[in-house]
Amino acid sequence: MRKVQFYGAISLDGYLATEKHDLQWLLDTQGGDKADTEKFLKQVDTTIMGRKTYDVSKGLMNGALQFPDKTNYVLSRTKHGEVADAKYVQESPMQLVQELLAQPGGNIWIVGGGQLVVDLLENDLIDEWWIQIAPVLLGKGIRLFPNGDYSTHLKLLDVNRYDQLAEVHLCKK
């Protein structure tokens, strides 16, 4: 059975990026290159992300194809159609995830956070979390967990350290 999984890094105070979507604070944190991202990616065949996350990621990759061996969905109200490495969709995150869960396949990676994560949390649709925590305080920016109508208890499965990153792996109770 497919699982919906979040995998990503945050600052110690809970931010995914600065207000201007800058990730330099994360790139400057020692250990990111040591995390076992490949192990995670092997069990995922689908990604879902917002348009801003997609655009920022593409910028960091200098236009290279993003996860070319995966089916990539980008949630957008303004863009339509397909590009070389993604399909733009206008449906709600909840609707898209439910459609994908009804199909056979590997696990589904939720890339990014903000409203996407809130929508899925409010509908209890995230099964597992891999969160790398950097010892950086940003003070403001784009939160992984914005305010929303959700409350849940998780089970801690594992904790790993990669130099200056601490990674927690959690799942639904």
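In what follows, residues are counted from 1 in the order of the sequence shown. Worth knowing before you read on, the calculation uses all heavy atoms, side chains too, and leaves out hydrogens, waters and symmetry mates. Since the model is a prediction, treat every value here as computed from it, not as a measurement.
Remark: Glu19 engages Lys140 in a salt bridge (charged side-chain N to carboxylate O under 4.0 Å, His left out) (not counting sequence neighbours). With sequence neighbours excluded, the residues satisfying side chain to side chain donor-acceptor pair (under 3.5 Å) with Asp163 are Lys34. Residues passing the side-chain contact (heavy atoms from CB on, under 4.5 Å) test with Thr78 are Arg51, Ser76, sequence neighbours excluded. Every residue meeting the side-chain contact (heavy atoms from CB on, under 4.5 Å) condition with Met94, not counting sequence neighbours, appears here in chain and number order: Ser92, Gln98, Asn123, Leu125.
Separating the CG atom in Leu23 from the CG atom in Asp28 is a distance of 11.0 Å, to the nearest 0.5 Å. Between atom OH of residue Tyr162 and atom CG of residue Asp36 there is a gap of 5.5 Å, rounded to the nearest 0.5 Å. Here the straight-line distance linking atom OG1 of Thr37 with atom NZ of Lys42 works out to 12.0 Å at 0.5 Å rounding.
Nearest heavy-atom pair, Thr29 versus Leu165, reported as atom, atom and distance to 0.1 Å: CG2-CD2, 3.8 Å. The heavy-atom pair separating Lys172 from Asp124 by the smallest distance is NZ-O, 2.9 Å. Across every non-hydrogen atom of Ala84 and Leu65, the tightest pair is CB-CD2, 3.5 Å. Residues Ala17 and Trp25 share a closest heavy-atom pair of CA-NE1, 3.9 Å. When all heavy atoms of Asp45 and Arg2 are compared, the closest pair comes out as OD1-NH2, 2.9 Å. Between Gly50 and Leu116, the closest heavy-atom pair is N-CD2, 4.2 Å.
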**Asked** Does the pair Asp85 and Lys70 meet the rule for a salt bridge (charged side-chain N to carboxylate O under 4.0 Å, His left out), with working shown?
**Response** CA-CA 8 Å; Asp85 58 357; Lys70 316 274 182 234; over 6 Å; no
**Check against side chain to side chain donor-acceptor pair (under 3.5 Å), Gln43 and Asn107** = CA-CA 6 Å; Gln43 48 90 45; Asn107 293 332; 2.4 Å; yes
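Ile48 and Val56 are not part of a single hydrophobic cluster, where members link through side-chain heavy atoms under 4.5 Å apart. No continuous path of ILVMFWY side-chain contacts below 4.5 Å connects Leu16 to Leu138, so the two sit in separate hydrophobic clusters. Note on Phe6: it clusters hydrophobically with Leu154, by side-chain heavy-atom contacts below 4.5 Å among ILVMFWY residues. In this structure, Ile142 is not a member of the same hydrophobic cluster as Leu27, with clusters built from ILVMFWY side-chain heavy atoms closer than 4.5 Å.
As a member of the Ile/Leu/Val/Met/Phe/Trp/Tyr network built from side-chain separations under 4.5 Å, Phe40 groups with Tyr7, Leu41, Val44, Met49, Tyr54, Phe67, Val74, Val83, Tyr88, Trp109, Val111, Trp130.
The shortest side-chain heavy-atom distance between Lys87 and Val89 falls under the 4.5 Å cut-off.
Counting only distance, with no hydrogens or angles, the side chain of Glu122 and the backbone of Asp149 share a donor-acceptor pair below 3.5 Å.
Every pair passing side chain to side chain donor-acceptor pair (under 3.5 Å) that includes a residue from residues 8-17 is listed here, sequence neighbours excluded: Ser11-Asp13, Tyr15-Arg143.
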